[in-house]
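A quick write-up on the structure given underneath.
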Amino acid sequence: MAETIKPYKELDSTKKEQVAQMFDKIAGKYDFLNHFLSLGIDIWWRKKAIAELKSINPKYILDVATGTGDLAFQAIETLKPEKVIGVDISEGMLSFAEKKIAERNLQNVFSVNVGDSENLPFEDNTFDAVIVSFGVRNFENLEKGLVNIQRVLKPGGKAVVLEFSKPTMFPFKQLYNFYFFNLLPFIGKMFSKDNSAYTYLPESVHAFPDGEKFTDILQRSGFKETKIKKLTLGISSIYTGIKPAR
């Protein structure tokens with residue numbers, strides 16, 4: 001069994017509790033640091049992820065680990081769905097999502113609730129699509145979370161997961177690792193004032209079962225037609241899977 005990576009190793013609380021605590025702490029700087037530390041490439045990654053749903057034109061979308069809502073906002077802009085619901089375990093992050101919803105006057109389209117991937121408060125076969133960006137590696141129990149995501153999808157519905165992955169090409173791999181394990185934690189700590197959050201980030205990415213290991217887990221969780229699309233020389237990847245029709 002893979003090692004469980006937690007933000008605050010000195011605490012006895014669960015990974016889920018620690019991740020919520022961490023995001024509550026950094027919520028105010030999260031959007032800025034996302035764009036700054038990725039040089040803005042994260043915006044393009046989200047556009048590419050949402051483009052994976054154009055072919056099915058989903059009307060009812062669930063955004064798991066929605067954070068401050070950036071992936072959901074991209075889905076609304078690109079796909080024009082009737083309703084998007086975002087869930088996240090961090091109330092601090094959701095408070096910023098709610099402010100952004102109000103600023104964009106999207107209250108009739110996008111709503112957010114405190115929620116957990118392993119205990120989604122929705123009926124079976126509810127959503128046309130489920131989206132997740134940079135959230136699955138934070139799940140306490142990855143496979144249980146994916147099984148629950150599959151449960152709430154309608155038959156024929158599609159899951160799209162955007163997540164960090166590990167580059168393998170020399171010398172980009174070495175440059176990336178130097179930035180990710182040395183510069184990024186220093187910059188993140190300086191701006192977020194949290195000593196652990198941006199150390200947890202590279203550690204959790206390193207421990208995450210990316211590539212075919214992740215598509216294997218998707219398949220065990222009940223998804224079919226699983227695919228991987230690598231972005232920016234493998235810094236991140238888009239994973240897709242379909243819930244089988246009855």
Side-chain angles (χ1 to χ4, degrees), residues 4-8 11-34 42 46 49-50 58 60-76 81-154 157 159-163 192-194 196-197 200-201 204 221:
T4 299
I5 304 297
K6 300 179 182 180
Y8 307 109
L11 301 180
D12 292 330
S13 48
T14 66
K15 177 177 180 177
K16 192 180 302 180
E17 292 168 336
Q18 290 192 23
V19 167
Q21 179 184 351
M22 178 189 74
F23 281 116
D24 285 345
K25 284 184 176 181
I26 67 172
K29 297 292 185 181
Y30 181 79
D31 285 346
F32 164 75
L33 282 169
N34 258 5
D42 65 304
R46 289 185 181 88
I50 293 303
Y60 201 23
I61 301 173
L62 175 65
D63 184 14
V64 175
T66 189
T68 63
D70 277 354
L71 190 66
F73 290 123
Q74 187 62 56
I76 292 166
E82 294 175 6
K83 183 68 177 176
V84 179
I85 297 177
V87 296
D88 200 284
I89 59 174
S90 167
E91 294 184 29
M93 296 286 275
L94 293 179
S95 69
F96 281 91
E98 288 171 337
K99 290 177 184 176
K100 290 161 72 172
I101 292 167
E103 288 168 358
R104 292 163 170 78
N105 196 29
L106 288 173
Q107 296 93 328
N108 292 332
V109 179
F110 183 20
S111 62
V112 296
N113 303 288
V114 176
D116 171 8
S117 64
E118 298 169 28
N119 302 285
L120 293 170
F122 307 106
E123 297 292 329
D124 296 0
N125 310 318
T126 297
F127 297 95
D128 301 306
V130 178
I131 55 179
V132 193
S133 63
F134 308 114
V136 291
R137 64 190 160 75
N138 297 322
F139 289 3
E140 179 96 55
N141 184 316
L142 178 58
E143 193 160 341
K144 185 176 179 182
L146 294 173
V147 166
N148 209 20
I149 286 171
Q150 198 261 20
R151 176 185 67 79
V152 301
L153 269 173
K154 293 177 182 177
V160 177
V161 175
L162 173 63
E163 188 53 87
S192 72
K193 309 303 182 186
D194 187 287
S196 299
Y200 166 77
L201 172 58
S204 63
S221 303

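In this structure, the separation between CD1 on I149 and NZ on K144 is 13.0 Å, given to the nearest 0.5 Å. With rounding to the nearest 0.5 angstrom, the CZ atom of R104 is 4.5 Å from the CZ atom of F73. Between the CG atom of L120 and the CG atom of L62 there is a distance of 6.0 Å, given to the nearest 0.5 Å. Rounding to the nearest 0.5 Å places CD of Q18 at 8.5 Å from OG of S196. Rounding to the nearest 0.5 Å places CG of L153 at 10.5 Å from CZ of R151. Between the CG atom in N113 and the OG1 atom in T66 there is a gap of 10.5 Å [rounded to 0.5 Å].
Inter-residue side-chain proximity for D88 and V112 is flagged as unmet; no heavy-atom pair is nearer than 4.5 Å. Between I89 and E140 there is no side-chain heavy-atom pair separated by less than 4.5 Å. Residues I26 and L33 form no side-chain contact, since every pair of their non-hydrogen atoms from C-beta on lies 4.5 Å or further apart.
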Sequence neighbours excluded and cut-off under 3.5 Å, please list the side-chain donor-acceptor pairs for residues 130-138, or say none.
unit_1 : atom_1 : unit_2 : atom_2 : d
R137   : NE     : E163   : OE2    : 2.8
R137   : NH1    : S204   : OG     : 2.8
N138   : OD1    : Y200   : OH     : 2.6

*Is there a salt bridge (Lys or Arg N to Asp or Glu O under 4.0 Å) between K29 and D194 once you walk through the steps?*
CA-CA 11 Å; K29 297 292 185 181; D194 187 287; over 6 Å; no
*Kindly determine whether K83 and S111 satisfy side-chain hydrogen bond (donor to acceptor under 3.5 Å, both in side chains), including the steps that lead there.*
CA-CA 8 Å; K83 183 68 177 176; S111 62; 3.3 Å; yes
*Start with the C-alpha gap between L11 and E17, add the side-chain angles, then the distance that decides, and say whether side chain to side chain contact (heavy atoms under 4.5 Å, CB included) holds.*
CA-CA 10 Å; L11 301 180; E17 292 168 336; over 6 Å; no
*Would F139 and V64 count as a side chain to side chain contact (heavy atoms under 4.5 Å, CB included) if you check the C-alpha gap in whole Å, the side-chain angles of each, and the deciding distance to 0.1 Å?*
CA-CA 10 Å; F139 289 3; V64 175; 4.0 Å; yes
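Shown here for Y60 and T126, the closest heavy-atom pair between the two residues is CD2-O, 3.3 Å. Residues D116 and K16 approach most closely at OD2-NZ, 2.7 Å, considering heavy atoms. I85 and F110 make their closest contact through C-CE1, 4.4 Å (heavy atoms, listed as atom of the first residue, atom of the second, distance). Among all heavy-atom pairs drawn from K6 and S13, the shortest one is NZ-O, 3.1 Å. Between A97 and G67, the closest heavy-atom pair is CB-O, 3.6 Å. Taking all atoms of both residues into account, the shortest heavy-atom contact from K25 to Y8 is CD-OH, 3.5 Å.
Proximity of the aromatic rings of Y30 and F96 is defined here by a centroid distance below 6.0 angstrom, and this criterion is not met.
For D124, the CG atom is densely surrounded, since the number of other residues' heavy atoms within 6.0 Å is greater than 12. Atom CD of Q107 has more than 12 neighbouring heavy atoms from other residues, nucleotides or ligands inside a 6.0 Å radius. The environment of E143 atom CD is dense: over 12 non-hydrogen atoms of other residues, nucleotides or ligands sit within 6.0 angstrom. Other residues, nucleotides and ligands place more than 12 heavy atoms under 6.0 Å from the CG atom of N119.
Contacts classified as salt bridge (Lys or Arg N to Asp or Glu O under 4.0 Å) and involving residues 60-69 (residues at least two apart or in different chains) are not found.
Among I50, V84, D42, the single residue meeting the side-chain contact (heavy atoms from CB on, under 4.5 Å) criterion with L71 is I50.
The backbone N or O of D24 lies less than 3.5 Å from no partner atom in the side chain of E91, so there is not a single donor-acceptor pair.
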